[in-house]
Amino acid sequence: MQTFDTPVVDNHLHLDPDHGRGLEAVKDFARSGGTHLLVVNKPSWLLGHDVETGEDFRPVFETTIDVVREASELLDGTAWPVLGVHPGLVSKLVDDRGYDPAGARDLMCAGLDVAAEYVRAGDALALKSGRPHYDVTDAVWDASNAVLRHGLDLAADCDCALQLHTESTTDLSDVAEWADERDVPRERVVKHYAQGHLTGGTPSVMSDKDRLEEAAERGVPFLMETDFVDDPNRPGAVMGPKTVPRRVDWLLDEGHDTAVRNAHVETPALVYDIDTESTLDR
Ligand SMILES: [Zn+2]
């Protein structure tokens, strides 16, 4: 059982208690020194839900809220749900299910509306939206950006952060301008699966050494994540749940104590208004 003198936060992973490792993954994280988790709901289609209305997202969100409650009991710190609609859903709807882009947009916005209800009720910490990371038609791209902007509207209304899944880029200036227009602080726009630096938001940096080294040396706000997908069909597809604690160990060995405090105390407070130190009960 490893422990550190700091909270250790994985800012983006998934837990699938029915098909994946679920709480066993949380135990691995905790045993390695991890203390806090932001758990993002899995894409609706991976949980076998063919959504047709916003309400149809509710069981997807409830699955995450339930497993997060159990995960919190296994941690010295806390787990929080992050709820939203995966941007890849637009292609499932348009390519496989006969929606036009506007219809897909409306359904995805309705799903985000339901996610926001949980944030308002205090049952989720933040929202999740984005746009495809692969080439799409202009109509699908425009519809996706409309969904993303709706996510920003809701983040403003709920006074919460918005995690984004986007194309691979280090420049989200367009999104940052949309955030400005809605008085959403730019730092509350979090790019998941990020490189070590980002213009226009807070990078949630994938925990490989090269990216972390860059983020650590820049000295600006960043978070750390694995995007563990907890999918038995893709065992090697992503980093495992022990990765963030192991990389914290490595950063501390390298003398990056300030960066560890940045990613695990200061940036979580700045972005999510959470206190990862006072929520530790060891
Ligand atoms: Zn993810």
Side-chain angles (χ1 to χ4, degrees), residues 9-23 25-26 28-29 34 36-49 51 57 60-61 63-65 67-68 71 79-92 108 111-112 115 118-119 124-134 144 147-148 151 155 160-169 172 175 188-195 198 201-208 211-212 222-244 247 263 267-268 271-272:
V9 186
D10 189 329
N11 181 60
H12 182 116
L13 91 172
H14 307 271
L15 295 173
D16 185 343
D18 298 325
H19 313 95
R21 298 188 59 222
L23 295 171
V26 178
D28 273 357
F29 175 72
H36 296 76
L37 292 172
L38 273 70
V39 182
V40 183
N41 63 268
K42 294 209 27 164
S44 47
W45 65 90
L46 287 180
L47 294 179
H49 295 278
V51 290
F57 287 89
V60 177
F61 299 151
T63 298
T64 300
I65 289 169
V67 74
V68 163
W80 291 277
V82 175
L83 302 181
V85 177
H86 195 285
L89 180 61
V90 72
S91 300
K92 303 274 173 197
M108 293 170 75
L112 281 173
Y118 291 94
V119 176
L125 180 66
L127 294 168
K128 157 88 193 292
S129 181
R131 58 192 182 195
H133 61 269
Y134 46 85
S144 299
V147 174
L148 194 165
C160 73
L162 179 67
Q163 285 199 12
L164 293 179
H165 171 115
T166 73
E167 74 279 15
S168 178
T169 180
L172 285 181
V175 177
R188 291 203 145 185
V189 176
V190 177
K191 183 186 179 344
H192 125 79
Y193 217 97
Q195 305 284 331
L198 177 70
T202 300
S204 180
V205 178
M206 277 298 275
S207 292
D208 66 51
R211 294 190 195 201
L212 290 177
F222 75 103
L223 296 154
M224 287 171 59
E225 69 164 70
T226 54
D227 196 23
F228 174 63
V229 291
D230 202 12
D231 185 339
N233 297 320
R234 298 171 63 209
V238 283
M239 296 175 176
K242 299 176 184 171
T243 310
V244 168
R247 293 294 183 259
T267 304
V271 171
Y272 301 110

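Atoms within each ligand, like the ligands themselves, are counted from 1 in listed order.
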Assess the residue pair L13 and D230 against the criterion (side chain to side chain contact (heavy atoms under 4.5 Å, CB included)); give the C-alpha distance rounded to whole Å, side-chain angles, the decisive distance to 0.1 Å, and a yes or no. CA-CA 8 Å; L13 91 172; D230 202 12; over 6 Å; no

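Applying the salt bridge (Lys or Arg N to Asp or Glu O under 4.0 Å) test to K92 and every residue at least two apart in sequence or in another chain returns nothing. Under the salt bridge (Lys or Arg N to Asp or Glu O under 4.0 Å) criterion, R211 pairs with D208, not counting sequence neighbours. Every residue two or more places apart in sequence or in another chain was checked for a salt bridge (Lys or Arg N to Asp or Glu O under 4.0 Å) with D227, and none qualifies.
With a cut-off of 2.8 Å, the protein N/O/S atoms near the Zn ion (ligand 1) add up to 3.
With R21 as reference, D28 is the one residue of D16, D28, D231 to meet the salt bridge (Lys or Arg N to Asp or Glu O under 4.0 Å) rule. Here the options are E225, M224, M239, the test is side-chain contact (heavy atoms from CB on, under 4.5 Å), and the partner is D10; only E225 passes.
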